[in-house]
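FYI, the numbering just counts along the sequence from 1.
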Amino acid sequence: MRWFSLLGLLVTTSLLFSSGCRRVEPPRFSPGPEVVELTEEIDDEEELAEYKKLQDDIAVILAQRTGTPDKPIMLGSDQTTDELQHGYALYARYCTQCHGVNGDGNGPVAVSLNPKPRNYRQGIFKFTSTPYGSKPRFSDLAYTIKRGVIGTSMPSFDRFSEEQVNAVVSYVVALTHRGELERELAMIAYDDGELPDEEGVDDVVAEILDPWQEASTQLVMPVTPMPPMTEESIKAGHEIFLGKACNKCHGKYGRGGSMGNVEVGTDAWGFKAAAADLSSGMFHGGGRPIDLYRRIYSGINGSPMPAFANTFEEDPDQIWQLVHFIKATGNRRREGLPPLGEADIPDTVSAEQSSAEEQPEELSDEAEEADGEDEESEDDGDDTQTEAAEPSEEPEDEAEPSTKEAA
């Protein structure tokens, strides 16, 4: 019997080798574009050797501080965790194809997707409950994973358990921190021709982590409670939509980029941006009134959509009226109504206001002005904290997602 068992083992081993079976290589991070660019267009051999050494040193620092894909370390920690490794397993199975091993949005299928998968390396996330320019809260990322991004290739993972969602979010945050650290080190190497010492790297890490920690205290809540949605509030919102020149990007019928005649510029990732087609009812950042309120109040990070908080400072209820108009416009198809047309333009709106979309431009003057105002407001400190009132009426599905604050 022993002879036959040994023979079987030898035959099996032989078949495995002859069929080409071998151990699967563990996943590896690849250098980001900023690191790769350090040695581009350098002809001098001595200088080239110096920058190649900097590239190698960056890789060593990243491995020490953030680990490997399958054994990630949260920046600021010194070892991996079970949650992060669970997050890696889920990310590798469900997310890598689009977002890539590095989290740079360059997965194998990304080339065929429009819009492109999110690149986490810049630390910018569009749909947050925090002020413009701030990092997302942990719950913002969890909300996006659970609901997906309607109208894009990002599906809903609502079948994930709370534990799975938290694990994936933690892993995404770890990838983002790694990308931010890599970019910072590459820029330092480019500017100074050397890398900081251990203490200097600690300072860089602290500068990366501080905004993430601050985000947990920067929840934007409505300035006033949401009033009832009525025909009057919808009409008032339509007048504001045209009067405040929202139509310059979204078109007077709210159809945005689908009309093909409005250029709004590029986003932070270098892609041509398109104003949302509000008539589609597919709101990428979520369709709850509170979601739309925050997109108007805080803008959308990384996109040409600025924050309009200051624009409505004197009459904050106008934000809710805009929300009502946008909700009503997005519901028209669902209710069997035709898209907005000329007959729907309020009588109180001037011909000049209603024809604004016929003059394509990069970004509305009002939008640029509002953007500038909000940059000033950020300098003045955070005035969008949790002191504000909750909406008075929220549909059942508007409860805030679970909150595990930013790492």
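Looking at D291 and Y143, their side chains do bring a donor and an acceptor atom within 3.5 Å of each other. With hydrogens and angles left out, the side-chain atoms of E214 and S134 include no donor and acceptor closer than 3.5 Å. Side-chain contact annotation: S129 with D140, donor-acceptor N/O pair under 3.5 Å present. Under 3.5 Å, the side chains of Y253 and E342 contain a donor-acceptor pair of N or O atoms. Between E83 and S170, the side chains place a donor N or O and an acceptor N or O closer than 3.5 Å (distance only, hydrogens not considered). Counting only N and O atoms by type, the side chains of D267 and S303 include no donor and acceptor under 3.5 Å apart.
Closest approach of H324 to S233, counting heavy atoms only: ND1-OG, 2.8 Å. Annotation for G76 and V205: closest pair N-CG1, 4.3 Å, computed over non-hydrogen atoms. The shortest non-hydrogen separation linking V220 to S298 is CG2-OG, 3.7 Å. Across every non-hydrogen atom of H250 and A276, the tightest pair is ND1-O, 3.0 Å. The heavy-atom pair separating R28 from V101 by the smallest distance is O-CG1, 3.7 Å. Taking each heavy atom of L84 and M74 in turn, the nearest pair found is CD1-N, 3.6 Å.
Panel note: side chain S156, backbone D158; a donor-acceptor pair is recorded below 3.5 Å. Here the side chain of N102 pairs a donor or acceptor atom with the backbone of S30 at under 3.5 angstrom. A distance-only check finds a donor-acceptor pair linking the side chain of Q97 to the backbone of R93 [under 3.5 Å]. In this structure, the side chain of D277 does not engage the main chain of G256 through any donor-acceptor pair within 3.5 Å.
Side chains of I58 and L38 form a contact here, defined as non-hydrogen atoms less than 4.5 Å apart. Counting heavy atoms from C-beta outward, T130 and K135 have side chains that stay 4.5 Å or more apart. Looking at heavy atoms from C-beta onward, P196 lies in side-chain contact with I188 at the 4.5 angstrom threshold. The shortest distance between side-chain heavy atoms of H238 and I345 falls below 4.5 Å. In this structure, T266 and F271 have side chains that are not in contact, with every pair of non-hydrogen atoms separated by 4.5 Å or more. Annotation: side chain of L185 is not in contact with side chain of V35 (no heavy-atom distance under 4.5 Å). Using a 4.5 Å cut-off on side-chain heavy atoms (C-beta onward), F138 and N166 make contact. Considering only heavy atoms from C-beta on, V165 stays 4.5 Å or farther from F157 through its side chain.
Between I319 atom CD1 and I240 atom CD1 the span is 9.5 Å, to the nearest 0.5 Å. Here the CE-CD1 distance, from M229 to I234, works out to 4.0 Å after rounding to the nearest 0.5 Å. Interatomic distance, D317 CG to M226 CE, rounded to the nearest 0.5 Å: 11.5 Å. Of the inter-residue distances, the one linking L195 atom CG with L54 atom CG reads 5.0 Å to the nearest 0.5 angstrom. Expressed to the nearest 0.5 Å, how far CZ of R332 lies from NZ of K327 amounts to 15.0 Å. Taken from CH2 in W320 to CG in L292, the straight-line distance is 9.0 Å, to the nearest 0.5 Å.
The pair K53-D57 meets the salt-bridge criterion, since a charged nitrogen lies less than 4.0 angstrom from a carboxylate oxygen.
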request  = Please assess N106 against N119 for the test side-chain contact (heavy atoms from CB on, under 4.5 Å), listing each intermediate value before the final yes or no.
outcome  = CA-CA 8 Å; N106 286 324; N119 176 355; over 6 Å; no
request  = Test Y91 against Y88 for ring pair (Phe, Tyr, Trp, His ring centres under 6.0 Å), laying out the working first.
outcome  = CA-CA 5 Å; Y91 183 89; Y88 160 71; 8.0 Å; no
Test side-chain contact (heavy atoms from CB on, under 4.5 Å) applied to R183 and Q122, step by step = CA-CA 8 Å; R183 286 163 53 85; Q122 292 173 258; 3.7 Å; yes
task = Assess whether side-chain contact (heavy atoms from CB on, under 4.5 Å) is satisfied between Y51 and I42, documenting all intermediate values.
result = CA-CA 9 Å; Y51 277 98; I42 296 179; 3.7 Å; yes
message = I'd like to know whether R65 forms a side-chain contact (heavy atoms from CB on, under 4.5 Å) with V201, so could you lay out the CA-CA distance, the side-chain angles of the two residues, the decisive distance to 0.1 Å, and finally the verdict.
response = CA-CA 10 Å; R65 302 275 181 156; V201 174; 3.5 Å; yes
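By the neighbour-count criterion of 12 heavy atoms within 6.0 Å, atom CD of E335 is densely surrounded, having more than that number from other residues, nucleotides or ligands. By the 6.0 Å contact criterion, CD on E50 is open, its count of non-hydrogen atoms from other residues, nucleotides or ligands being 12 or less. Annotation for K235: atom NZ does not count as buried by contact number, only 12 or fewer foreign heavy atoms lying within 6.0 Å. The number of heavy-atom neighbours closer than 6.0 Å to CG of D82, taken from other residues, nucleotides and ligands shown, is 12 or below. More than 12 heavy-atom neighbours from other residues, nucleotides or ligands sit within 6.0 angstrom of CD on E40.
Under the 30°/60° scheme for interplanar angles, the aromatic rings of Y120 and H99 are found to lie parallel. F241 and F325 have tilted rings, their planes meeting at an angle from 30° to 60° on a 0 to 90° scale.
Aromatic rings from Y297 and F312 are positioned such that their centres are separated by 6.0 Å or more.
Screening V149, V169, V172 for a side chain to side chain contact (heavy atoms under 4.5 Å, CB included) involving T144 leaves a single residue, V149. With R121 as reference, E182 is the one residue of E182, E184, E180 to meet the salt bridge (charged side-chain N to carboxylate O under 4.0 Å, His left out) rule.
Judged by the 6.0 Å distance and 45° axis criteria, R178 is positioned over the aromatic ring of F29.
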